[in-house]
Participant: 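Quick one: this structure, given as structure tokens, is what I'll be asking you about.
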Amino acid sequence: MARTGRPKTALVLSDEERTTLLRWSRRAKSAQALALRCRIVLASAKGLSNKEVAAQLRCAPVTVGKWRARFVAARLDGLVDEDRPGRPASISIDQVEEVVVATLEETPKDATHWSRASMAAKSYGVTSASSLT
């Protein structure tokens, strides 16, 4: 059958890349988006067309083309999420984790559960919620 469309750059994986992609695609802690990207690259390396990979993985052919091209251009680094545009986060991941842990594992001295104001007072080290305003 004759090929149609633009020719694609050959996608050849090293043994190390194949091992890493398989590990990322099967790991329970991987983000599902990253796992799908890994499966796209692995299927593309078998010589399947973008349409065949898309049908096999139940995604859009455009998605397959995007991640295939990103992998060819930047290899494994091309599969991770790029920084998003916009203002950077004003609080760190560690601060968010502290609030979540405190919410789930501690109770306030004067109530049965945390309110938004009481958690804010605790997080900022203020003695009363009214002094935050």
Side-chain angles (χ1 to χ4, degrees):
M1 181 171 173
R3 289 184 54 144
T4 59
R6 290 180 285 185
K8 294 175 205 50
T9 306
L11 198 154
V12 179
L13 299 175
S14 69
D15 290 338
E16 182 180 325
E17 287 174 331
R18 184 177 305 280
T19 302
T20 302
L21 289 168
L22 284 169
R23 189 176 68 243
W24 285 356
S25 68
R26 294 177 179 160
R27 191 172 60 182
K29 297 281 184 181
S30 289
Q32 289 307 299
L34 177 61
L36 174 63
R37 295 168 196 167
C38 293
R39 288 191 290 272
I40 287 171
V41 172
L42 288 166
S44 297
K46 292 178 184 174
L48 299 175
S49 71
N50 288 0
K51 286 184 181 181
E52 291 169 329
V53 173
Q56 180 182 356
L57 298 176
R58 295 188 179 123
C59 62
V62 174
T63 304
V64 174
K66 173 185 177 176
W67 293 111
R68 183 185 208 293
R70 292 251 317 247
F71 182 82
V72 168
R75 307 311 288 179
L76 292 173
D77 291 337
L79 298 182
V80 295
D81 286 329
E82 294 177 338
D83 290 336
R84 302 277 176 162
R87 189 177 132 221
S90 59
I91 60 173
S92 70
I93 299 293
D94 294 333
Q95 290 172 312
V96 172
E97 182 181 8
E98 287 175 23
V99 169
V100 170
V101 168
T103 303
L104 296 174
E105 297 179 358
E106 300 174 19
T107 55
K109 297 173 192 169
D110 58 346
T112 59
H113 62 277
W114 292 104
S115 67
R116 179 186 50 81
S118 63
M119 180 52 73
K122 179 192 181 308
S123 298
Y124 289 107
V126 181
T127 56
S128 71
S130 61
S131 60
L132 285 173
T133 56

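Just so it is clear, the values below take in all heavy atoms, side chains as well, and ignore hydrogens, waters and symmetry mates.
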Participant: Enumerate donor-acceptor pairs with a distance under 3.5 Å from any side-chain N or O in residues 56-68 to protein atoms, sequence neighbours excluded.
Facilitator:
residue	atom	partner	partner atom	Å
Arg68	NH1	Thr9	O	2.9

Participant: Just how far is it from atom CD1 of Ile40 to atom OG of Ser25, taken to the nearest 0.5 Å?
Facilitator: 11.5 Å
Participant: Mind checking the CG-CG spacing from Leu79 to Leu36? Nearest 0.5 Å is all I need.
Facilitator: 10.5 Å
Participant: Do Leu22 and Val53 land in one hydrophobic cluster if side-chain heavy atoms of ILVMFWY residues count as linked below 4.5 Å?
Facilitator: yes
Participant: Closest heavy-atom contact between Leu11 and Leu13?
Facilitator: CD2-CD2, 3.8 Å
Participant: What side-chain hydrogen bond (donor to acceptor under 3.5 Å, both in side chains) pairs are there with at least one residue in residues 45-54, not counting sequence neighbours?
Facilitator: Ser49-Glu52
Participant: So, do Trp24 and Leu76 sit near enough that their side-chain heavy atoms are less than 4.5 Å apart?
Facilitator: yes
Participant: Are the side chain of Arg27 and the backbone of Ala35 linked by a donor-acceptor contact shorter than 3.5 Å?
Facilitator: no
Participant: Below 3.5 Å, can you tabulate the donor-acceptor pairs from side chains in residues 94-113 to any protein atom, sequence neighbours excluded?
Facilitator:
residue	atom	partner	partner atom	Å
Gln95	OE1	Ser92	N	2.8
Thr103	OG1	Val99	O	2.7

